[in-house]
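Along the sequence shown, residues carry numbers from 1.
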Amino acid sequence: MCGIWALFGSDECLAVQCTNAMKITHRGPDAFRFENVNGFTNCCFGFHRLAIVDQLYGMQPLRVKKFPYLWLCYNGEIYNHIRLKNQFEFEYQTKVDGEILLHLYDRFGIKKMASMLDGVFAFILLDTANKKVFIGRDTYGVRPLFRLLTDNGFLAVCSEAKGLLDLKTSMSAPAKITPFPPGHFEVFDLKLTGKVESVQMDRFHCCTEEPKHAAYNNLECLGTGFELETVKSNIRILFEDAVKKRLMAHRRIGCLLSGGLDSSLVAATLVKLAKEEQLPYPIQTFSIGAEDSPDVAAARKVAAHIGSEHHEVNFTPEEGIRALEDVIIHLESYDITTLRASVGMYLISKYIREKTDSVVIFSGEGSDELTQGYIYFHKAPSPKAAAEDSVRLLKELYLFDVLRADRTTAAHGLEVRVPFLDHRFTAYYLSLPEEMRVPKDGVEKHLLREAFKGLKLIPDEILWRRKEAFSDGMTSMKKSWYTSLQEHIESEVNDSQLEKANTQFSFNPPTTKEGFFIRQIFEKHYPDRCEWTPYYWMPRWIKATDPSARTLSIYKPDEDQLSH
């Protein structure tokens, strides 16, 4: 996890513009570099480093003697870089995983390069010999990337939109800042003035396709056909492989543990593999919540079962309310459900940064979208509709849960890793017959649970525990974070303000006081940037005015789920 920033054809002196790069310092607290591109006026790179792999050569822009005309700035991890290096007999100059991009680009060109990368990444690649600039982003947008392109060819790229907000351009109106689409790359022609022209935007991978890099990773024991036992075995093999490849780090690895199914499977598999790989430290797990919250009790049970070094972070609604504005600034979003869940994740990341030496943090994002974990999937009109909605959710993750996971951890200089969004694991799961993936016997994610049944990897009552929204499950049984937040907002927003919301906010007007309150804070910091949240996350197929699972009629908390 790092912060990248680059300008091509800046309309203003670089010394003035470069102060903008400092707005993403939190993403890379270990080092900073600012570098001009020789021979091209008004082009430069800015890089904030969080050192995870290759402490010696890890500074960027990355350049190697073999390709003096290539400049690479990237944020991410390429898990198959050694496998590809050996496969194609590339000669490395560094131990940096990103060096593989230079060799692949030189050998195969940009599209094949991007499709061969097994990992998470956002990159800016400059080829001064061919006068080209390339930018690209991983399949699910796990690593963030924003772009600004003016009518006169000034291109600016950054990990977070805040690094582009105050750039000086020669345009009369503010330039549009947009998130770069996941699974895509863009090609620009570079002129001697440093200005660019976009000549190609193309998709290199979609979540429903088996990734091209799978051909170079022969996983023995993978079965063929859709017989249930074969499918269950394949799910376990691919999930374990997803966790194992993500152990690549020189810094300490930890794991968020909410006590739900997804984070418990990640934590348990991580602890098991860490022992097998003989990591020189115990895995730390972290949960957050009020002392009597269901999540904290469940997480404690899982941690005891898997033998992790467990930390509990106490959460009070007052703390959450105090953090709201900072969280909105980091998120660059006013989506209601994203913000609610982000507060807990932001505070737990703050604890990890201040009180421990864990830096690489595993988490369970992506599972609900992939395995139809949201409560509303019980109401899907057909398995086909459910399967289509699963793909829609995965494609939109970069606007919601993946955005939350990145921004709340990056705010504190941590790097999040999400094995459920492994390219190969997700492509396999989505290839399964639609009927196999739907909720069964009143239980969502039935197939995933079934795959791990009887292994004693996690306690049985956790394996079959119902879905809790993170923002709901971490709060007290007596009074939820949701209720406390509503009470605070009630004192801040009056009825007449909400009535005028439609005129005040013509795009995505808030319909609740909570939505109005969040939007006001967002507009204060990011005026006229409401398109960054194109729509609110809401459940499908049911009449819902609020996205929280707790407010849906089909949500019935299991009275005795933690009392066994």
Side-chain angles (χ1 to χ4, degrees), residues 1-6 20-32 46-53 58 60 73-77 98 119-124 137-138 140-146 157-165 177 179-180 182 246 249 251-256 286 288 323-333 335 338-339 341-366 397-418 421 470 525-526 532:
M1 202 282 304
C2 301
I4 59 176
W5 183 86
N20 290 280
M22 303 321 284
K23 290 178 184 168
I24 57 162
T25 306
H26 50 273
R27 297 190 68 88
D30 294 336
F32 172 69
F47 178 66
H48 296 275
R49 180 164 192 233
L50 179 69
I52 301 290
V53 176
Q60 297 182 31
C73 231
Y74 78 103
N75 163 210
E77 293 72 45
V120 294
F121 52 84
F123 67 79
I124 308 158
R137 189 176 181 192
D138 67 72
Y140 295 110
V142 174
R143 291 290 172 263
L145 193 67
F146 286 82
V157 188
C158 187
S159 297
E160 297 183 19
K162 55 181 71 65
L164 305 176
L165 260 186
I177 297 168
F180 191 78
R246 284 167 175 76
R251 303 289 285 273
R252 185 166 184 170
I253 295 171
C255 189
L256 300 183
F286 305 95
I288 186 166
L324 277 174
E325 187 158 358
D326 280 349
V327 174
I328 292 168
I329 292 168
H330 278 287
L331 287 180
E332 301 170 335
S333 166
D335 179 64
T338 300
L339 177 67
S342 292
V343 170
M345 201 159 174
Y346 177 85
L347 292 171
I348 201 168
S349 299
K350 183 172 188 278
Y351 170 91
I352 295 169
R353 177 75 187 172
E354 291 173 357
K355 301 281 197 291
T356 78
D357 57 349
S358 285
V359 178
V360 175
I361 306 298
F362 279 63
S363 193
E365 275 73 25
L397 263 173
Y398 76 104
L399 295 167
F400 302 112
D401 279 23
V402 149
L403 181 148
R404 162 176 59 80
D406 174 83
R407 251 32 93 70
T408 55
T409 49
H412 301 289
L414 305 176
E415 179 197 290
V416 75
R417 294 198 178 172
V418 282
L421 291 176
F470 181 33
H525 295 280
Y526 305 118
W532 292 349

Could you check D30 against R251 for salt bridge (Lys or Arg N to Asp or Glu O under 4.0 Å), going step by step and ending with a plain yes or no?
CA-CA 12 Å; D30 294 336; R251 303 289 285 273; 3.1 Å; yes

Would you name the heavy atoms of [X] and [Y] that are closest together and state the gap between them?
| X | Y | answer |
| --- | --- | --- |
| I352 | I361 | CG2-CD1, 3.9 Å |
| G344 | I288 | O-CD1, 3.4 Å |
| T408 | S342 | CG2-O, 3.5 Å |
| N75 | P144 | OD1-CD, 4.0 Å |
| G413 | V359 | O-CG1, 4.0 Å |
| C73 | G46 | SG-O, 4.1 Å |

Hey, what do you get for [atom1] ([X]) to [atom2] ([Y]), rounding to the nearest 0.5 Å?
| X | Y | atom1 | atom2 | result |
| --- | --- | --- | --- | --- |
| F47 | I124 | CZ | CD1 | 10.5 Å |
| H330 | R27 | NE2 | CZ | 10.5 Å |
| K162 | I177 | NZ | CD1 | 11.0 Å |
| L421 | L397 | CG | CG | 5.5 Å |
| L165 | Y526 | CG | OH | 6.5 Å |
| T409 | R417 | OG1 | CZ | 11.5 Å |

Is there a donor-acceptor contact under 3.5 Å from the side chain of [X] to the main chain of [Y]?
| X | Y | value |
| --- | --- | --- |
| S159 | I4 | yes |
| E332 | A161 | yes |
| N20 | L164 | no |
| Y74 | G98 | yes |

Taking the side chain as C-beta and beyond, is there a heavy-atom pair between [X] and [Y] under 4.5 Å?
| X | Y | answer |
| --- | --- | --- |
| T356 | Y351 | yes |
| E354 | H412 | no |
| F32 | T25 | no |
| S333 | R407 | no |
| R404 | Y346 | no |
| P29 | L50 | yes |
| M345 | E365 | yes |
| V416 | L256 | no |

Residues two or more places apart in sequence or in another chain: which of them pass salt bridge (Lys or Arg N to Asp or Glu O under 4.0 Å) with R137?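 R137: no salt bridge (Lys or Arg N to Asp or Glu O under 4.0 Å) contacts found.
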
For R246, the salt bridge (Lys or Arg N to Asp or Glu O under 4.0 Å) test, sequence neighbours excluded, returns D422

By ring-ring contact (aromatic ring centres under 6.0 Å, His included), which residues pair with F180, not counting sequence neighbours?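 With sequence neighbours excluded, F180 shows a ring-ring contact (aromatic ring centres under 6.0 Å, His included) to no residue whatsoever.
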
With a cut-off of 6.0 Å (strictly less than), are more than 12 heavy atoms of other residues, nucleotides or ligands near NZ of K350? no

L339 and L331: CA distance, side-chain angles, deciding distance, side chain to side chain contact (heavy atoms under 4.5 Å, CB included) verdict: CA-CA 8 Å; L339 177 67; L331 287 180; 4.0 Å; yes

R252 bridged to D357 by N-O distance under 4.0 Å: yes

